[in-house]
Amino acid sequence: MTTGAPESARVPEEPPSPRSGAPALGAGRARALTVVAWLVTPTLALALGVALEAADREPAEGLGGASARYLPAEGDRTTALDADGRSIVTEHARSTGIEALLTAPTLVASSLLGALGEEDAMRAQWWRAERVEEDGARSTSLHRLSPDGVALAAVWGGELGFVFEPHLPLLPAGVRPGSAWSASGTALPGEALAYAAEFSAWSPAEPPLDAAGDPIPLTGGCLGVDARLRISQPGGGFERQIDESTVWCPGRGAVWSSATVDGVAVGFTEQRQARLVAARAPSAAAPSWRDVVEQDARLGVGGQLERIVQDPFFGAAATDGQYSVRPAVTADGRLVVANDRGDDLEVWSLAATTAELDLSAHPGGTIVAVGSAGGLVLAATSLRRIVAYDPLGRRLWSTPTDELVLAAPVAVDDGSGDVVALTRAGSVVRIAAADGGEVWRTSLGGDGRGELAVAGGQVLASDERGRVSALRLADGALQWRSEPGLVDALAADAEAGVVAVATDDGAVVLLGLERGEERGGTRMPGIATGIVVAGDAVVALTDERLLVLDADDLAVRWSGEGGAALLGEGEAVAVVGAADVVLRSSADGAERGRRELPAEALAESRAAVAVGAAVVALDTDGGLHRWELE
């Protein structure tokens, strides 16, 4: 295997940058510059190696000719080791139309759209590879599949970015051993950089060796490609030459590379059956709502947040999205969402007026639920899988389920970091945080319904037969079962020793956490949108009514207007409605502040979560709002 760049391999020249005030790329940037330089070559731009947990399906039929068969499938995860033994994790996304351009920096998207034209962009087929290194460095490469084959359109996320016009032809449609081709054009808008490339294809006579010196299996039809790529600044000042030999295998992408960048050896090898160790979770957890919200808390100022994506080379750009899945919150206080535009999992850091994208990932399929457990960020997908990422955004594992998981996977409360999930088939499964393995599985005996709750060493789950079951957290054994009716909302609290449920026929029922005995009940009009146990009160919300009830017998303490979402615990709760957000005392319902939502924020539906001492609301049409408590 080749070695990494020595200290002497440094480039003092600064390439042209479209970002105002971009830092100079001097000696301290040697590794970053080298890594990004070989990102534009076929191998590293294209995602590197394969792991066994890739989605079990073939790529969709599309453009690219025979060369498209070398590409990994939509939603696959592949892994590799670079020349210095560092792991690289890459996820692959396939899409058609302008949607793929929405994930790119503004300059990249506008350049590609301008070159293609709107009509061609609407029909264009894309392959996007998102790469994360073990130190958290991220980069993305976007490729177009056309009747001419597979071509690299753009690269972003690193200290250098590129937009190729015409696209860099990595694998022509009819490529075969003996094929030769070349191309030239610009590598940045405005002819700031130029490129010239020559390629030739060959048949691998024997398997290349991986990082351990073992042969990399070559499945039928693997292809070798030699490439020479020159990138230069017209008039001088910056120049780079990459010479590379790459081996591609059908469905696996590039599995091996040996290359030099200006004579310095680099490369990578496929890492098969890779088990990644999660990056350490943040040392300091964000304060919870219960920790920081007091009885006399007031709803402070706030409003809609501007969402910003920072790119080291192309600069900052505003972005948006569509969010139909209820969000989650990480242990360190970041917002987890599923963006319907691209079916990407996103994690955002929130400030007073802005939200900045920390990381994005592509688990494959459509994301139907998101969650967080310890240091893990979780996504349940339409492919009947739960996919876990570490704090750096590297996909750690992907666990199949017997049916869709429509409710957020929930962290257990025994310190293990494990996760429990409820499937539509009625299976409650505990999943090991380390590797995604199944710890235990219990069937409810009916289709699963609604959210899960974990409290007092038990998992609380409901089913379509109108039952609530309590399962022992240690082994999934049934502890008790009650039949309150079809559950629309469920909450449990170990300190109060209760389980509160709201049913689809307007009932609110209180159960004992230890034995499941019914302690009281009442009725309220409308469709249940939330229920919480807050101190010695149960707060239930429908689209028509809010009730504050006594946690001992559900005697009504106070009632008010309904809303779309309910959040909170302890001393105060927040109700998010169609036109405003209201903070109320959980003891008596007294109003502690009201803020109007802007008229343009109205949407089909709205979800809300507590992020520290703040209320965060998310609209299906993309509005993101935050109000700090004071």
Side-chain angles (χ1 to χ4, degrees), residues 32 51 53 77-82 86-91 103 130-140 157-158 271 274-288 307-312 325 327-339 344-351 354-364 367 369-381 385-399 408-421 431-437 609-612 614 616:
E53 56 267 59
R77 186 202 84 165
T78 57
T79 60
L81 295 177
D82 72 6
R86 294 178 290 250
S87 68
I88 303 163
V89 180
T90 305
E91 289 187 315
T103 64
E130 293 191 273
R131 151 197 173 109
V132 187
E133 299 181 45
E134 64 182 35
D135 62 358
R138 308 179 65 85
S139 56
T140 302
Q271 187 181 20
R275 177 180 173 182
L276 298 176
V277 177
R280 181 174 297 178
S283 56
S288 70
R307 276 154 294 172
I308 300 296
V309 177
Q310 296 281 357
D311 186 272
V325 171
V329 181
T330 65
D332 58 343
R334 297 179 294 167
L335 186 70
V336 182
V337 300
N339 192 342
D344 289 336
L345 181 71
E346 298 176 346
V347 178
W348 294 81
S349 289
L350 307 183
T354 60
E356 186 169 320
L357 184 65
D358 276 351
L359 60 91
S360 64
H362 188 77
I367 302 173
V370 299
S372 176
L376 300 181
V377 176
L378 305 161
T381 76
R385 307 187 77 86
I386 297 176
V387 185
Y389 297 85
D390 72 2
L392 297 178
R394 301 182 304 161
R395 189 194 297 189
L396 299 179
W397 45 260
S398 178
T399 295
V410 178
V412 303
D413 59 0
D414 62 1
S416 67
D418 289 354
V419 179
V420 288
I431 301 169
D435 58 9
V609 291
V611 181
V616 175

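Below, all heavy atoms of this structure are taken into account, side chains as well, without hydrogens, waters or symmetry copies.
- When atom types are taken as modelled, the side chain of Glu134 and the backbone of Arg86 share no donor-acceptor pair closer than 3.5 angstrom.
- Among all heavy-atom pairs drawn from Ala279 and Pro391, the shortest one is O-CD, 3.5 Å.
- Under the rule for a side-chain contact (heavy atoms from CB on, under 4.5 Å), the partners of Val616 that lie at least two apart in sequence or sit in another chain are Leu335, Leu350, Val609, Val611, Leu624, Arg626.
- Taking the side chain to side chain donor-acceptor pair (under 3.5 Å) definition, one finds that Asp413 meets it with nothing, sequence neighbours left out.
- A donor-acceptor pair is defined here as one N or O able to donate and one able to accept, closer than 3.5 Å; no such pair exists between the side chain of Arg77 and the backbone of Trp397.
- Residues Asp344 and Thr103 are in side-chain contact: their nearest non-hydrogen atoms beyond the backbone lie under 4.5 Å apart.
- Residues passing the side-chain contact (heavy atoms from CB on, under 4.5 Å) test with Asn339, sequence neighbours excluded: Tyr323, Arg341, Glu346.
- Proximity of a side-chain donor or acceptor of Ser139 to a complementary backbone N or O of Gly158 within less than 3.5 Å is not detected.
- Shortest non-hydrogen contact noted between Val387 and Pro363 is CG2-CB, 3.8 Å.
- Between the side chain of Thr79 and the backbone N or O of Gln271, at least one donor-acceptor pair lies under 3.5 Å.
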Q | Intermediate values then yes/no, side-chain contact (heavy atoms from CB on, under 4.5 Å), Leu81 and Ser87 | A | CA-CA 5 Å; Leu81 295 177; Ser87 68; 4.2 Å; yes
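- Partners of Ala432 under the side-chain contact (heavy atoms from CB on, under 4.5 Å) rule, at least two apart in sequence or in another chain, are Asp418, Asp435, Val439.
- Residues Val89 and Arg395 come closest through the heavy atom pair CG1-N, 4.0 Å.
- Interatomic distance, CH2 of Trp348 versus CD of Glu356, reported as 8.5 Å (0.5 Å rounding).
- Take Thr381 and apply the side chain to side chain donor-acceptor pair (under 3.5 Å) test, not counting sequence neighbours, and it matches no residue.
- Across every non-hydrogen atom of Ala433 and Gly417, the tightest pair is CB-O, 3.1 Å.
- Under a 3.5 Å cut-off, the side chain of Arg138 and the backbone N or O of Ser360 do form a donor-acceptor pair.
- Inter-residue side-chain proximity for Leu345 and Val336 is flagged as met; some heavy-atom pair is nearer than 4.5 Å.
- Distance check, rounded to the nearest 0.5 Å: OG1 of Thr78 to CD1 of Ile88 gives 9.5 Å.
- The distance from the CD1 atom of Ile386 to the CG atom of Leu376 is 11.5 Å, given to the nearest 0.5 Å.
- Legend: residues meeting side-chain contact (heavy atoms from CB on, under 4.5 Å) with Ser349, ordered by chain and number and at least two apart, are Arg334, Asp358.
- Checking side-chain atoms of Glu91 against main-chain N and O of His362 turns up a donor-acceptor pair under 3.5 Å.
- The heavy-atom pair separating Ile367 from Ala379 by the smallest distance is CG2-CB, 4.2 Å.
- Considering all non-hydrogen atoms of both residues, Ala331 and Ser372 come closest at N-OG, 4.0 Å.
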